[in-house]
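Ligands are counted one by one from 1 in listed order, and the atoms in each one are counted from 1 as well. The analysis underlying the following values was restricted to heavy atoms, covering all of them including side chains, and did not include hydrogens, waters or symmetry mates.
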Amino acid sequence: MVSAAPGPDALAALVGADWADAVRQVPREHFIPDVAEASPMTAAPSRWIDRAADPDGWRDAVYSDTTILTQIADGSLALAPGTRGLPSSSSTAPSLVAAFLALLDPYPGDRVLEIGTGTGWTAGLLSARLGDGCVTTVEVDERVAAQAAVNLKRAGYAPRLVAGDGAHGAPVHAPFDRVHVTCAVRDIPHAWVAQCRPGGIIALPWAPMQVWGHKVVLVATGDGRAVGRFHGDTSFMMLRSQRPVPPDTRGHAPREGTARVDPMRMTRADRGLEIALVGLLPGVVVGGLGHGDDRVGAWDPATGSYALAVRDEHGSGVEVTEYGPRRLWRDVEDAYLAWIGLGAPGRDRLGLLVDGEGQRVWLDRPDDLIGGV
Ligand SMILES: C[S@@+](CC[C@H](N)C(=O)[O-])C[C@H]1O[C@@H](n2cnc3c(N)ncnc32)[C@H](O)[C@@H]1O
């Protein structure tokens, strides 16, 4: 009897013409563990997949638009039903992999650096398209890297796989024409710019307010800078050294503050607000933006200050609670009003500049920096 369970052709239809051959040549099944947690890109809930117990269900997940979680808590906890931990490695959903590969747009012969090997599937796709010799992939977790090497070998590919901190790039093997980042960053490491050829592209998930972020494409200008724009929303696990540090208010007594601005003005604003705040309120993590909720939280790790502003049901009052030395809610309001004063630019008018000094946000033109010099 022929199984009705799907195969690589199902993914070829998902990823578009440019990557269809690659997904057929690099079957995803070689990269997925026998037991894992599958999270479809649809509204369907996450579910456990077990190849031995339910081979068709396992295959359905592997050959559909599903992110498959393969590690939690950096491997310190076993991935098993009932065990909860911070997601630390996965095989990203094929449509998202394809979206980033389309932004990366490698040409034949391009040398690609991938940051975040994970299962190795994306590195395999790049190898199928460009050849093993053109692909270098860096994974911070040694056990994940070792398993990726096994997976890639099983699929018949052998890109250069480096176990190490991808924040440093792969200087020994630079320069690269393309840098493909598959974990989100809050601060873009300059090493990626420095190791990219003039005119080369860096495609990355940028999450200045952590995890839920923006697709970014930067182009290296050849003088130590890279300049780019935003290409929609995205969500990825963070680069290990840039994981969220949760607010810690211990040691500070709460105090009541007052509000001039309804927090819902901020949570319902264009995502350009969140981007502009990177320039207007450096180092501060502002949570809740873009979700339309009744509250905004702000955390300044440098001073240990935290502020929470909650709008009441009727919008007639806002309860502000602050901790730590900084009057953070006032600073958030000032930054919001500064954004309004710029014309409330949306994400489409904003861009990023990365150079040896760090990352800056610009409005309309790369030399018109927001809140920076
Ligand atoms: C979403 S997964 C990558 C998916 C992968 N590209 C694939 O095709 O399966 C993110 C990976 O980034 C890795 N990672 C996190 N921080 C890193 C760092 N500093 N350097 C290199 N890899 C890192 C994680 O260990 C994890 O395996």
*Report the relative orientation of the aromatic rings in Trp206 and His214; use parallel for angles under 30°, tilted for 30 to 60°, perpendicular for over 60°.*
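Judged by the thresholds at 30° and 60°, the geometry between Trp206 and His214 is tilted.
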
*Determine the interplanar angle of the Phe236 and Phe100 rings, folded into 0 to 90°, and report it as parallel if under 30°, tilted if 30 to 60°, perpendicular if over 60°.*
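Plane angle over 60°, so perpendicular.
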
With a 4.0 Å heavy-atom cut-off (strictly under), which part of [X] contacts ligand 1: side chain, backbone, both or neither?
X      : answer
Thr117 : backbone
Gln71  : neither
Ala123 : neither

[atom] [closest protein heavy-atom partner, distance rounded to 0.1 Å]:
atom                    : value
atom 13 (C) of ligand 1 : Glu139 OE1, 3.4 Å
atom 15 (C) of ligand 1 : Arg240 N, 3.7 Å
atom 8 (O) of ligand 1  : Thr122 OG1, 2.5 Å
atom 6 (N) of ligand 1  : Gly116 O, 3.0 Å
atom 10 (C) of ligand 1 : Thr182 O, 3.5 Å
atom 9 (O) of ligand 1  : Thr119 OG1, 2.8 Å
atom 14 (N) of ligand 1 : Val140 CG1, 3.7 Å

Show me which atoms of ligand 1 lie under 4.0 Å from any heavy atom of [X].
X      : answer
Trp121 : 8 (O)
Ser91  : 9 (O)
Leu239 : 16 (N), 17 (C), 18 (C), 19 (N)
Gly166 : 18 (C), 19 (N), 20 (N), 21 (C)
Thr92  : 1 (C), 4 (C)
Glu114 : 6 (N)

_His291-Trp212 aromatic ring centre distance below 6.0 Å_ = yes

*Is a salt bridge present between Asp367 and Arg365, judged by a nitrogen-to-oxygen distance below 4.0 Å?*
yes

_Asp233 and Arg271 ion-paired at < 4.0 Å_ = yes

Identify whether [X] and [Y] are in the same connected component of the hydrophobic contact network (ILVMFWY, side-chain heavy atoms under 4.5 Å).
X      : Y      : answer
Leu352 : Val217 : no
Leu101 : Val15  : yes
Leu204 : Leu239 : yes
Phe31  : Leu69  : no

*asked:* Could you check whether atom CZ of Arg229 has more than 12 heavy atoms from other residues, nucleotides or ligands sitting under 6.0 Å from it?
replied: yes

*Is it the case that more than 12 heavy atoms not belonging to Arg268 sit under 6.0 Å from its CZ atom?*
no

_Below 3.5 Å, N or O to N or O, backbone or side chain included: is there any such pair between Asp165 and ligand 1?_
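Indeed, backbone or side chain, Asp165 has an N or O that close.
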
_Ile115 N/O to ligand 1 N/O under 3.5 Å_ = no

*Report yes or no: does a heavy atom of Ser90 sit under 4.0 Å from some atom of ligand 1?*
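Contact check Ser90 vs ligand 1: positive.
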
*Does ligand 1 have an atom that lies less than 4.0 angstrom from a heavy atom of Gly164?*
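Under 4.0 Å: yes for Gly164.
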
*Keeping the roles fixed (side chain from Trp362, backbone from Leu350), state whether a donor-acceptor pair exists under 3.5 Å.*
no

